[in-house]
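Letters A, B, ... are given to chains in the order of the sequence lines, protein chains preceding strands, and every chain is numbered from 1. Quick caveat: nothing in here was measured; it's all calculated off a predicted structure.
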Protein chains: 2
Amino acid sequence: MKADTQAKDVKLKILDAAKKLFAQKGFEGTTVRQICDEAGVALALVSYHFGGKENVFYALFEAFTPEFLHKDYALAEPVEDLLSLIRDFARFRLAEPELINLLQQEIMMQSPRLDKVQPIVFALWKQLRAILQAGKATGQFEYESLKHTVHFVVGALIFTRNSSFFDQLLQEDGVQTNEDEETLIRYTSDFILGGLRYEKK
Amino acid sequence: MKADTQAKDVKLKILDAAKKLFAQKGFEGTTVRQICDEAGVALALVSYHFGGKENVFYALFEAFTPEFLHKDYALAEPVEDLLSLIRDFARFRLAEPELINLLQQEIMMQSPRLDKVQPIVFALWKQLRAILQAGKATGQFEYESLKHTVHFVVGALIFTRNSSFFDQLLQEDGVQTNEDEETLIRYTSDFILGGLRYEKK
DNA sequence: GTCTATAAAGAGATAGAC
DNA sequence: GTCTATCTCTTTATAGAC
């Protein structure tokens, strides 16, 4: 019992450390030694518990079931669906910024590990695409290219991050307001709906 | 003469190979051997000509002077300025997709090499920010948070890529039209201006 | 200037003590 | 289950022949 509990703690510590480091330095840029140092455990435990660095990566995405992957959008109104998707994604991004960051890296690099993670991103993609199509059909959304519009929306969704890098620049203003979740969701929704030329009734 | 010319060819071949590989596999994920193999030259020549892998990276961004960095926007109308910036950025992105990809990776990872590249991104950031502020002042743009709006716009600008990954999904349509530059610029401008609630006169 | 061969450091994974 | 010490392979960088 006690042994099991300790093991679980160690596995969690390794996963947390890996999540942080992978997001920060990339999968290839992170060494097993760094992960174990950050987790405060011995080097051998990554191999013992996960069977290698690669499996730590996969384990990160296994308990990974954000709402928007399993919800069935495109049942209600397109506008409502899009707002739900934006909300669900924003919440997930706020809750797990490192995973979003890591996922984005892997996608950009077309990494060999993408095979196992592709379904997750494809799901978001298809949901969004279906919603945009439905909204165009009802005349509520206005755009020419479905393909590019999906890109624009995903770009706006994914790029909004707690990126300390970019925020340096803007902190000059002094008006560093830590908006809450709902406010951020509203900003995002407003921008995207505007981009889709949706007119509020 | 002949020796110099050969050397320049080799340096160019190395830079091209590195650009491609860095974008594909990341800086850390790319080995000097891979670069030299791809370039078709001997392993030692990276150190000889550049003094190490890291300097190859920096060299990639030295001859790197996209229009939008040196233009002085925010002189004409905000809308015209924004359209120019979108156009300049889109052209650069189409011309050098690997560099954009690489830059994006490095930013996301907060890489230690970012110090030398930060000014480039900051310049874009500041230009865009100034334009958005000017447009709000004239009442042509409508948004609440300057910080987030900059994020949204950059997201929409940067995420539109020749990403073979995402396009797989959409090719199902069969309607795989290879839009030209001007068309892509128009799509992008329409989406972003919409997001800013700009109303065409 | 370019090559092959090699040195020195670093990586991931494992053996064996506890 | 966890640790330290080590093995093996790969990495970057350099030395020296041409």
Side-chain angles (χ1 to χ4, degrees), chain A residues 1-61 102 105-106 109 111-116, chain B residues 1-61 102 105-106 109 111-113 116:
Chain A
M1 294 296 134
K2 192 187 164 210
D4 280 356
T5 310
Q6 282 179 349
K8 195 163 191 184
D9 283 352
V10 166
K11 287 183 85 165
L12 268 180
K13 277 195 280 188
I14 289 175
L15 284 173
D16 278 344
K19 179 159 62 176
K20 174 180 168 184
L21 289 168
F22 285 163
Q24 211 169 90
K25 304 158 64 65
F27 178 81
E28 315 260 13
T30 302
T31 71
V32 176
R33 279 178 171 80
Q34 290 170 334
I35 295 174
C36 293
D37 284 355
E38 174 79 26
V41 301
L43 172 65
L45 293 187
V46 158
S47 284
Y48 179 81
H49 284 295
F50 295 94
K53 176 177 158 185
E54 191 133 338
N55 290 114
V56 176
F57 177 89
Y58 293 130
L60 277 179
F61 289 95
L102 181 52
Q105 289 177 35
E106 296 284 313
M109 298 189 192
S111 99
R113 295 164 294 285
L114 213 58
D115 294 348
K116 310 254 184 122
Chain B
M1 292 291 137
K2 192 188 164 208
D4 280 357
T5 310
Q6 283 179 349
K8 195 163 191 186
D9 283 351
V10 167
K11 287 184 84 166
L12 268 179
K13 277 194 281 188
I14 289 175
L15 284 173
D16 278 344
K19 179 160 62 176
K20 175 180 168 184
L21 290 169
F22 285 163
Q24 211 169 88
K25 304 158 64 65
F27 178 81
E28 315 260 12
T30 302
T31 71
V32 176
R33 274 180 173 76
Q34 290 169 334
I35 296 174
C36 292
D37 284 355
E38 175 80 26
V41 301
L43 171 66
L45 294 187
V46 158
S47 284
Y48 179 80
H49 285 294
F50 295 94
K53 177 176 155 186
E54 190 133 339
N55 290 112
V56 176
F57 176 89
Y58 293 131
L60 276 179
F61 289 96
L102 180 53
Q105 288 178 34
E106 296 283 313
M109 299 189 190
S111 99
R113 296 165 292 286
K116 310 255 186 121

Distance in Å, [X] [atom1] paired with [Y] [atom2], rounded so as to fall on 0.5 Å steps:
{"X": "Lys11(A)", "Y": "Asp16(A)", "atom1": "NZ", "atom2": "CG", "answer": "13.5 Å"}
{"X": "Ile14(A)", "Y": "Leu60(A)", "atom1": "CD1", "atom2": "CG", "answer": "11.0 Å"}
{"X": "Arg113(A)", "Y": "Glu106(A)", "atom1": "CZ", "atom2": "CD", "answer": "4.0 Å"}

Rounded to whole Å, how long is the line connecting atom [atom1] of [X] with atom [atom2] of [N]?
{"X": "Gln34(B)", "N": "dT10(D)", "atom1": "CD", "atom2": "P", "answer": "12 Å"}
{"X": "Phe57(A)", "N": "dG12(C)", "atom1": "CZ", "atom2": "P", "answer": "15 Å"}
{"X": "Asp37(A)", "N": "dG12(C)", "atom1": "CG", "atom2": "C1'", "answer": "14 Å"}
{"X": "Tyr48(A)", "N": "dG16(C)", "atom1": "OH", "atom2": "C1'", "answer": "14 Å"}
{"X": "His49(B)", "N": "dG1(C)", "atom1": "NE2", "atom2": "P", "answer": "6 Å"}
{"X": "Asn55(B)", "N": "dT14(D)", "atom1": "CG", "atom2": "P", "answer": "11 Å"}
{"X": "Lys53(B)", "N": "dA9(C)", "atom1": "NZ", "atom2": "C1'", "answer": "14 Å"}
{"X": "Phe50(B)", "N": "dG1(C)", "atom1": "CZ", "atom2": "P", "answer": "12 Å"}

**OP:** Could you check whether the rings of Phe57(B) and Phe27(B) sit parallel, tilted or perpendicular, using 30° and 60° as the cut-offs?
**Re:** perpendicular
**OP:** Under 4.0 Å from any atom of DNA chain C, heavy atoms only: list the residues of residues 18-32 of chain A that qualify, in numerical order.
**Re:** Thr30(A), Thr31(A), Val32(A)
So which protein N/O to nucleotides 3-8 of chain D N/O distances come out below 3.5 Å?
| unit_1 | atom_1 | unit_2 | atom_2 | d |
| --- | --- | --- | --- | --- |
| dC3(D) | OP2 | Ala42(A) | N | 2.8 |

Original post:
Testing Val32(B), Leu45(B), Asn55(B) for side-chain contact (heavy atoms from CB on, under 4.5 Å) with Phe50(B), which one passes?
Top reply: Asn55(B)
**OP:** Identify the heavy atoms of Ala17(A) and Ile35(A) that sit nearest to each other, and give their distance.
**Re:** CB-O, 3.5 Å
Subject >> Closest heavy-atom pair and its distance - Thr30(A), Lys53(A) >> reply: O-NZ, 2.7 Å
**OP:** Quick one: which residue pairs count as a salt bridge (Lys or Arg N to Asp or Glu O under 4.0 Å) with a foot in residues 33-52 of chain A, not counting sequence neighbours?
**Re:** Lys20(A)-Glu38(A)
Subject >> Check: Gln34(B) and Lys25(B) side chains under 4.5 Å, non-hydrogen atoms >> reply: yes
